Amino acid sequence: MLRKNNRSGTERKLSVLSSLAVPGVVGCIVFGIGLLPVRAADSARTEPEIIINQGLGLGLDGESGELYPMDMLVANRNTGFFVRIEPEEWQEVGGQPTLLISDETDIWRFTDSEYWEEYGLLRFDTGEQKAWEAGQYEVRVDLKRGVTLQREAVFNPMRDIEILIVPIEGYYSGETSQAETPGEYLWEYTEKVYPVGDDDLQWIIYDGEDMDLDNSRYDLDTSLGRLRVWQYLKKLYNGGNVDMVIGIVPENMKQRAASEEATVTGFTFGDGVSVISMQDTCPQVTVAHEIGHSLSLGDEYENGTFSVSMNMVPYGMKGKNRYSLSETVQGTSPYIVGGTADEWQGSGTVVYACQYPYDIFSEEILFRDKTSFMGLFGFPEQEYWVTSQIWESLYTKFHSSEPSRSDS
């Protein structure tokens with residue numbers, strides 16, 4: 001379930017993990033709680049490095065705190081090519097650098113580039129060659145005479161996933177309201193932050209028979225009513241040939257009918273079926289969150305339901321084990337830190353600017369800290385992103401040799 005952040009305050013809490021990827025500073029210092037820095041790119045000269053970016057350029061190791069290049073790459077997905085290089089090193093380059101990408105039969109050559117000195121990044125423009133077919137490629141950057149960077153890139157295909165979107169006329173403590181048919185904006189965010197190619201997520205709008213969910217039996221302001229709505233949608237899931245069903249309701253829901261505020265923006269009882277509210281601050285992030293639960297991701301907020309094998313629990317947070325609800329689990333890695341959970345920042349794992357979050361549609365690196373979309377809701381879309389742990393867990397699941405439900 002995705003819950004609203006109701007915490008307010010007058011002072012911004014400082015994050016216990018310090019990111020220094022801001023204008024005028026190159027690199028990132030990662031601190032563990034109570035530990036010495038394990039990475040200090042500001043204070044030590046770093047060698048130039050190729051970064052291939054489909055959403056995150058650098059991952060964060062939860063055990064050591066080290067940053068590393070992301071190498072779980074998706075076929076047929078917009079891709080950015082960069083070189084991380086310090087200003088002093090860049091001044092020695094002199095001529096125009098060249099990006100060469102080759103496979104067994106072809107070579108692609110790109111010379112258009114731009115250097116962002118404040119971030120220590122060289123960006124290549126690959127023109128219309130945004131996405132790459134499945135296969136293995138050699139990536140080479142010729143910086144200057146005698147200095148060549150090389151890296152292997154393997155772009156793997158992901159399986160197709162079909163998602164049925166069902167607009168619902170919801171019943172709320174005696175009143176009914178009809179959800180409008182959503183547009184593409186509702187799922188574009190999920191395509192940004194999930195490891196999928198251009199057509200791997202297939203969205204289908206329900207056009208079957210009318211559903212009779214506008215009565216007290218399906219009261220969305222009660223736990224039992226929400227369960228019954230989920231059970232109704234579960235029948236569509238069982239009878240259809242899709243991988244997930246998402247019900248769309250027009251308004252937020254109360255925890256219980258006697259509650260004063262409607263703070264529930266989405267819910268699921270598992271088995272590939274979720275419900276989200278269009279009244280949410282950012283329903284497109286809720287879609288990604290609830291699909292995440294259907295794919296076994298856990299919450300990232302205090303007293304949430306955690307899935308430690310999929311996305312690590314932020315340090316110090318306590319909650320229930322998704323697979324054993326009587327068991328309490330707690331985040332133990334000092335390098336996986338949650339946001340401040342106040343009016344300035346979400347509760348989910350912090351994604352740092354120095355990890356180079358990358359928007360595949362606008363082709364921009366988003367030079368700002370963000371938090372995981374599996375945390376509390378209540379912030380604009382630009383405050384949320386994917387963590388390296390979530391990306392890698394979903395990549396492994398989507399790249400599985402097992403067929404999708406719709407392929408069975």
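All figures in this text were calculated on a predicted structure; none of them were measured in a lab. Residues take their numbers from the sequence shown, with the count starting at 1.
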Asks: Taking it one step at a time, do Y115 and E117 satisfy side chain to side chain contact (heavy atoms under 4.5 Å, CB included)?
Replies: CA-CA 6 Å; Y115 184 64; E117 182 173 355; 3.8 Å; yes
Asks: Is the side chain of S333 donor-acceptor paired with the backbone N or O of Y335 at a distance under 3.5 Å, no angle test?
Replies: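 Answer holds: yes.
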Asks: Compare all side-chain heavy atoms of L220 with those of L213 and state whether any distance is below 4.5 angstrom.
Replies: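 Counting from C-beta outward, L220 and L213 never come under 4.5 Å.
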Asks: Checking N156 against Y395 for the side-chain hydrogen bond (donor to acceptor under 3.5 Å, both in side chains) test, could you report, in this order, the C-alpha distance in whole Å, the side-chain angles of both residues, the deciding distance, and whether it holds?
Replies: CA-CA 10 Å; N156 284 313; Y395 184 98; 2.9 Å; yes
Asks: Is there a donor in the side chain of Q345 and an acceptor in the side chain of E383, or the other way round, less than 3.5 Å apart?
Replies: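 No, no side-chain donor-acceptor pair sits under 3.5 Å.
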Asks: For the backbone of V386 and the side chain of S372, can you confirm whether one donor and one acceptor N or O come within less than 3.5 Å of each other?
Replies: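 A pair under 3.5 Å: no.
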Asks: Aromatic contact between W132 and W108, with the criterion being ring centroids under 6.0 Å apart: yes or no?
Replies: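 Between W108 and W132, which both carry aromatic rings, the centre distance is below 6.0 Å.
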Asks: What's the verdict on side chain to side chain contact (heavy atoms under 4.5 Å, CB included) for I360 and Y358, showing C-alpha distance, side-chain angles and the deciding distance?
Replies: CA-CA 6 Å; I360 61 170; Y358 179 70; 4.2 Å; yes
Asks: With a 6.0 Å cut-off (strictly less than), is the heavy-atom count around CG of L325, excluding the residue itself, greater than 12?
Replies: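 Counting neighbours around CG of L325, more than 12 heavy atoms of other residues, nucleotides or ligands fall under 6.0 Å, so yes.
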Asks: Just checking, any donor-acceptor pair under 3.5 angstrom between side chains of S294 and S274?
Replies: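 Short answer, yes.
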Asks: Verify, without hydrogens or angle tests, whether Q355 (side chain) and Y352 (backbone) share a donor-acceptor contact under 3.5 angstrom.
Replies: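 Confirmed, Q355 side chain pairs with Y352 backbone.
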Asks: Considering only heavy atoms from C-beta outward, does the side chain of E47 approach that of L149 to under 4.5 Å?
Replies: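 Not touching, per the 4.5 Å side-chain cut-off.
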Asks: Does Q96 reach the side chain of S113, with side-chain heavy atoms less than 4.5 Å apart?
Replies: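 Yes, close enough: below the 4.5 Å cut-off.
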Asks: Side chains of M72 and Q54, heavy atoms from C-beta outward: is any pair under 4.5 Å?
Replies: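 Side chain of M72 against side chain of Q54, heavy atoms only: no contact under 4.5 Å found.
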Asks: Working to the nearest 0.5 angstrom, can you tell me the gap between I246 CD1 and Y206 OH?
Replies: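 So the CD1 of I246 and the OH of Y206 are separated by 16.0 Å.
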Asks: In terms of heavy-atom contacts, does CD of E63 have more than 12 from other residues, nucleotides or ligands at under 6.0 Å?
Replies: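 Incorrect, the count does not exceed 12.
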Asks: Below 4.5 Å, heavy atoms only, C-beta onward: do M310 and K397 meet side chain to side chain?
Replies: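 Side chain of M310 against side chain of K397, heavy atoms only: contact under 4.5 Å found.
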Asks: Checking N321 against Y323 for the side-chain hydrogen bond (donor to acceptor under 3.5 Å, both in side chains) test, could you report, in this order, the C-alpha distance in whole Å, the side-chain angles of both residues, the deciding distance, and whether it holds?
Replies: CA-CA 5 Å; N321 184 342; Y323 301 104; over 6 Å; no
Asks: If you round to the nearest 0.5 Å, how far is CG of L164 from CD of Q202?
Replies: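 Those atoms lie 12.5 Å apart.
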Asks: Please tell me whether E114 and W116 have a donor and an acceptor in their side chains that are separated by less than 3.5 angstrom.
Replies: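 Side-chain D/A pair, E114 to W116: present.
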Asks: To the nearest 0.5 Å, how far apart are CG in L186 and CD1 in I205?
Replies: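 One gets 8.0 Å once the value is rounded to the nearest 0.5 Å.
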Asks: For Y119 and F367, I'd like to know if the aromatic rings sit close, meaning centre-to-centre distance below 6.0 Å.
Replies: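 Judged by ring-centre distance (under 6.0 Å), Y119 and F367 do meet the cut-off.
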Asks: I'd like to know whether CD of E133 has more than 12 heavy-atom contacts from other residues, nucleotides or ligands below 6.0 angstrom.
Replies: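 Counting other residues, nucleotides and ligands, CD of E133 stays at 12 neighbours or fewer.
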Asks: For D219, is there an ion pair with R217 - N to carboxylate O distance below 4.0 angstrom?
Replies: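 Not counted as a salt bridge, because no side-chain N and carboxylate O are separated by less than 4.0 Å.
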Asks: State the CG-OH distance between L295 and Y194, to the nearest 0.5 angstrom.
Replies: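 The OH atom of Y194 is 5.5 Å from CG of L295, to the nearest 0.5 Å.
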Asks: Quick check: does any side chain N or O of N238 sit under 3.5 Å from a backbone N or O of K235, one acting as donor and the other as acceptor?
Replies: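 Judged by distance alone, no pair lies under 3.5 Å.
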Asks: Under the 3.5 angstrom rule, does the side chain of S173 hit a backbone N or O of D221 as a donor-acceptor pair?
Replies: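 Not a single qualifying donor-acceptor pair exists.
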Asks: Could you check whether any side-chain heavy atom of D103 comes within less than 4.5 Å of a side-chain heavy atom of E138, counting everything from C-beta outward?
Replies: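 Not in contact.
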Asks: Cut-off 3.5 Å, side chains only: do T265 and N252 have a donor facing an acceptor?
Replies: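 N252 and T265 do not have a side-chain donor-acceptor pair below 3.5 Å.
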Asks: Give a yes or no on whether N215 atom CG has more than 12 heavy-atom contacts from other residues, nucleotides or ligands under 6.0 Å away.
Replies: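 Yes, CG of N215 has more than 12 neighbouring heavy atoms, counting only those of other groups under 6.0 Å.
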Asks: Are the aromatic rings of F373 and W385 close, with centres under 6.0 Å apart?
Replies: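 Centroid distance F373-W385: not below 6.0 Å, so no.
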Asks: Quick one: does T222's side chain have a donor or acceptor within less than 3.5 Å of a partner on A257's backbone?
Replies: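 No, the answer is negative, given that no donor and acceptor are paired below the 3.5 Å cut-off.
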Asks: Hey, is NZ on K320 packed in by over 12 heavy atoms from elsewhere, all under 6.0 Å?
Replies: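 No, NZ of K320 has 12 or fewer neighbouring heavy atoms, counting only those of other groups under 6.0 Å.
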Asks: Should T268 and E290 be marked as a side-chain hydrogen bond (donor to acceptor under 3.5 Å, both in side chains) after you check the CA-CA gap, both sets of side-chain angles, and the distance that decides it?
Replies: CA-CA 7 Å; T268 181; E290 294 301 335; 5.2 Å; no
Asks: Under the salt bridge (charged side-chain N to carboxylate O under 4.0 Å, His left out) rule, what do K254 and E260 come out as? Steps first, then yes or no, please.
Replies: CA-CA 8 Å; K254 299 177 180 179; E260 293 184 2; over 6 Å; no
Asks: Would the number of heavy atoms belonging to other residues, nucleotides or ligands and lying under 6.0 Å from CD of E104 be above 12?
Replies: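 At most 12 heavy atoms, drawn from other residues, nucleotides or ligands, come within 6.0 Å of this atom.
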Asks: Here's a test for you: under side-chain contact (heavy atoms from CB on, under 4.5 Å), which of M317, M312, M374 qualifies with F306?
Replies: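 Only match with F306 under side-chain contact (heavy atoms from CB on, under 4.5 Å): M317.
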Asks: Within the structure provided, determine whether T98 and R109 are in side-chain contact (heavy-atom separation under 4.5 Å).
Replies: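 Of all side-chain heavy-atom pairs linking R109 with T98, at least one is under 4.5 Å.
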Asks: How about L67 and C354: do any of their side-chain heavy atoms sit closer than 4.5 Å?
Replies: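 Counting from C-beta outward, L67 and C354 do come under 4.5 Å.
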Asks: If you draw a 6.0 Å radius around CG in D106, do more than 12 non-hydrogen atoms from other residues or ligands fall strictly inside?
Replies: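 Yes, because the 6.0 Å sphere around CG of D106 holds more than 12 heavy atoms from other groups.
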Asks: Check whether any side-chain N or O of N53 sits under 3.5 Å from a backbone N or O of Y356 as a donor-acceptor pair, and report yes or no.
Replies: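 Side chain of N53 to backbone of Y356: a pair is present.
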Asks: Between E363 and K130, is there a side-chain N and carboxylate O pair less than 4.0 Å apart?
Replies: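 Here E363 pairs with K130 in a salt bridge, since their nearest N and O are under 4.0 Å apart.
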Asks: Working to the nearest 0.5 Å, report the span between OG1 of T111 and CG of L100.
Replies: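 Here the rounded value is 10.0 Å.
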Asks: K192 and E381: salt bridge (charged side-chain N to carboxylate O under 4.0 Å, His left out), yes or no, with the steps?
Replies: CA-CA 11 Å; K192 288 182 183 181; E381 175 186 321; 3.5 Å; yes
Asks: Would you compute the distance between atom CZ of F269 and atom CD of Q231 and round it to the nearest 0.5 angstrom?
Replies: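 So the CZ of F269 and the CD of Q231 are separated by 8.0 Å.
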Asks: Is the F124 to F82 ring centre distance short of 6.0 Å?
Replies: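 No, ring centres 6.0 Å or more apart.
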Asks: Show your reasoning for whether side chain to side chain contact (heavy atoms under 4.5 Å, CB included) applies to I101 and F81.
Replies: CA-CA 10 Å; I101 302 176; F81 292 87; 3.6 Å; yes
Asks: Treating Y172 as the side-chain partner and E251 as the backbone partner, does any N or O pair qualify as donor plus acceptor under 3.5 Å?
Replies: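 Checking the backbone N and O of E251 against the side chain of Y172, a donor-acceptor pair under 3.5 Å is found.
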Asks: Does atom NZ of K318 have more than 12 heavy-atom neighbours, drawn from other residues, nucleotides or ligands, at distances under 6.0 Å?
Replies: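 Result for NZ/K318: open.
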Asks: I'd like to know if the side chain of D243 reaches the main chain of E162, judged simply by a donor and an acceptor atom lying under 3.5 Å from each other, with no hydrogens or angles considered.
Replies: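 Checking the backbone N and O of E162 against the side chain of D243, a donor-acceptor pair under 3.5 Å is found.
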